[in-house]
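Presented below is the structure to which this report refers.
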Amino acid sequence: MIRIAGLTVRLPGFSLTDITLGIPENQFFVLLGPTGSGKTVLLEAIAGIEKISSGSVRICGLDVTNLPPEKRGVGIVYQDSCLFPHLCVSDNIRYGLRYRRGNGAGNVQRFDELVDLLKISHLLKRKPATLSGGEIQRTALARALITGPRVLLLDEPFSAIDQSFRAELQQLLKTLQRKSGVTFIMVTHSFSEALSLADRAAVLQNGRVEQDGSIMDIFKKPRSAYVAEFVGIKNIYPANFRGLYAEVNDGMIRMGDEAASGHGYIAIRPEDIILSKSRLSSSIRNSFPGTVRSVFDRGYTFEVDVQAGETLYRSLITRSALVELDIRPGQDLFVSFKATAVHCF
Amino acid sequence: MDPGTRKSNPFFWLCLASGALVLAFILIPILHLMMRPSAESLGRAVTDIDVISAIRLSLATSLAAAAIAVIMGTPFAYLLARSSFRGKRVVESIIELPIVIPHPVVGIAILSIAGRGHWIGSALSDLGIRIMGSATGIIAVLAFVGLPFYISTVKNGFEAIPPRLESVSRSLGASVSQTFFRVTFPLAARSILAGFIMCAARAISEFGAVIVVAYHPMNAPVLIFERFESYGLDGALPVSVLLVIVCLMLFVVMRILTLQRKWKT
């Protein structure tokens with residue numbers, strides 16, 4: 001377990017404030033947030049590169065708060081090329097071996113395994129300046145993992161890589177994490193990247209943790225408007241709560257659970273909003289007549305904006321549903337969603 | 001300026017004229033100097049024991065001053081490149097002071113603390129170190145005038161190395177000093193060499209400070225001055241040409257070293 005308690009880092013013009021997180025061992029943990037939210041600073045504080053003002057970091061029971069980076073057993077892979085430019089790929093990978101306890105034969109075996117797994121055996125004699133973005137990141141991963149860290153920190157490792165190679169490297173990263181049993185903490189601002197890799201995640205904003213938990217919880221039950229917006233929920237409305245109902249604009253929306261306070265927000269994921277020609281007579285509690293305002297082609301899906309009373313709902317539907325319902329702007333239809341699809345916060 | 005409008009633009013011609021003027025101003029005197037002495041007088045200078053020992057002294061003291069700059073200046077340049085602190089600007093200005101102080105004043109300032117009247121002078125004297133009229137004294141003033149050039153060159157070199165490379169090295173298990181010797185130093189080696197040569201080139205051309213501290217032993221600039229005083233232009237020319245050749249060699253080596261491919265980071 002990596003326990004971060006009350007961690008505060010003060011920098012000129014930016015502070016990371018009172019971060020408390022528990023990250024289980026051997027998991028893939030993702031730190032989400034936009035540029036400037038403090039993700040990299042948090043990573044560097046865990047690594048011992050950034051000075052901690054207060055709070056503590058414990059890794060597997062060991063308090064590392066006051067340990068220098070080289071004594072923490074924490075590897076780091078940055079987004080841009082941080083290979084040593086004067087060393088070839090092979091020497092880059094072996095860089096940390098001399099500080100590692102263990103025998104030469106074991107090291108050779110680890111080296112061969114990693115080089116094999118990361119498919120960089122043909123690059124070993126090359127200098128970093130001649131490598132592509134993907135090759136650089138593979139080398140950086142091998143260099144960090146060969147020392148056998150307890151935690152590997154990854155700072156947006158895919159951002160300097162061609163879109164077409166990202167999926168492959170993501171898969172590789174997942175495999176590496178499973179095989180090595182090392183705790184991975186990865187920073188990203190892409191929710192889809194997080195969704196495909198992470199077991200658990202935390203969302204950061206302005207140097208604070210907005211929400212942490214399982215990735216599905218964050219996706220399905222965002223705890224703030226910020227998180228909801230960030231994970232891609234487009235239907236967010238201010239609401240007054242009355243029991244199981246939320247009063248939104250001129251309508252009453254049925255919720256799955258009672259809200260904690262009298263006033264807040266509700267959020268509904270666009271893919272949870274069903275469009276139909278007639279009112280649905282099922283267990284669906286919320287069904288409102290409306291008019292299609294616009295249709296956006298999003299590639300595999302279509303975004304349909306429907307005005308129901310004073311509320312504009314955004315629904316995400318497939319091409320076949322679009323054709324079947326013959327949806328076009330100006331058309332009248334019904335907007336329906338389950339009470340359990342309504343998240344209040 | 002795009003090529004189409006260049007030729008009709010008076011400003012372009014003004015820039016070009018200023019360039020031609022500057023180049024002519026630098027090159028004409030030097031080329032003339034190089035051409036003027038006869039082969040015979042150059043030959044005599046090369047075999048003149050005083051000339052040889054003066055140039056040798058100039059080279060040795062300049063290289064020694066540059067070596068001192070490397071030892072004294074490198075850790076300080078690294079500190080300046082990697083840290084920010086209150087008063088950093090003031091410290092940087094102090095380092096550049098030797099550039100603005102008139103050179104004879106540098107010599108006088110060094111002498112004034114090297115005498116018996118000052119505790120540093122008496123401490124040096126107790127150690128058997130003499131500044132006035134000695135090669136040690138020449139090295140001291142040359143290091144004084146050369147250090148700013150060394151420190152600023154090497155500081156820029158260190159600043160060009162991403163701090164993240166050092167962070168990564170630390171995370172891989174290397175201590176601060178191991179990181180410095182395995183990552184920072186190899187990557188800065190070229191700037192350190194360039195700084196060394198800058199410092200040596202600055203030192204070898206120093207006259208004003210040297211003549212105050214040590215007329216004897218005589219280094220090349222002082223010898224040139226002495227020959228000029230005693231024999232006029234023709235007496236000074238052959239030694240001058242030899243010294244220019246030595247300086248040019250240093251300069252060419254520096255350009256070759258610094259123009260080579262930089263590390264791509």
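Per chain, numbering begins at 1; letters A, B, ... match sequence-line order.
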Query raised in the report: Are A:Y95 and B:V168 close enough, and set up right, to give a side-chain contact (heavy atoms from CB on, under 4.5 Å), and what steps lead you there?
Result: CA-CA 10 Å; A:Y95 185 88; B:V168 167; over 6 Å; no

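- Using a 4.5 Å cut-off between heavy atoms, A:R100 makes no contact with chain B at all.
- Heavy-atom neighbours of B:M72 CE from other residues, nucleotides or ligands within 6.0 Å: at or below the threshold of 12.
- Residues of residues 145-162 of chain A lying within less than 4.5 angstrom of chain B, judged on heavy atoms, are A:T147, A:D155 in numerical order.
- A 6.0 Å sphere centred on CZ of B:F25 holds no more than 12 heavy atoms belonging to other residues, nucleotides or ligands.
- More than 12 non-hydrogen atoms from other residues, nucleotides or ligands lie less than 6.0 angstrom from CZ of B:R82.
- Atom NZ of A:K179 sits in a sparse spot, with 12 or fewer heavy atoms from other residues, nucleotides or ligands closer than 6.0 Å.
- When heavy atoms are compared at a cutoff of 4.5 Å, A:Y78 approaches chain B solely by way of its side chain, counted from C-beta outward.
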Query - side-chain contact (heavy atoms from CB on, under 4.5 Å) assessment of A:E70 paired with B:L172 - result: CA-CA 6 Å; A:E70 61 268 27; B:L172 291 168; over 6 Å; no

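- Here the shortest heavy-atom pairing between B:P186 and A:H86 reads CB-CD2, 3.5 Å.
- Only the side chain of A:I49 comes within contact range of chain B, judged by heavy atoms closer than 4.5 Å.
- Residue-level contacts of residues 24-48 of chain A with chain B, in order of numbering, are A:T40, A:E44; threshold 4.5 Å between heavy atoms.
- In A:K71, the NZ atom is not crowded: 12 or fewer heavy atoms of neighbouring residues, nucleotides or ligands sit closer than 6.0 Å.
- Atoms OG and CZ, from B:S171 and A:R72 in turn, are 11.5 Å apart once rounded to the nearest 0.5 Å.
- Residues B:R170 and A:P69 come closest through the heavy atom pair NH2-CD, 3.1 Å.
- Across all their heavy atoms, A:Y99 and B:G173 have their closest contact at CG-O, 3.4 Å.
- Partners of A:R138 according to the salt bridge (Lys or Arg N to Asp or Glu O under 4.0 Å) rule, which considers only residues two or more places apart in sequence or in another chain, are A:E168.
- Taking all atoms of both residues into account, the shortest heavy-atom contact from A:P85 to B:L187 is CG-CD2, 3.6 Å.
- The heavy-atom pair separating B:L165 from A:L83 by the smallest distance is CD2-O, 3.3 Å.
- Of residues 106-114 of chain A, no residue lies under 4.5 Å from chain B by any heavy-atom pair.
- More than 12 non-hydrogen atoms from other residues, nucleotides or ligands lie less than 6.0 angstrom from CZ of A:F14.
- Nearest heavy atom pair, residue B:R164 against residue A:C82, reads CB-SG, 3.6 Å.
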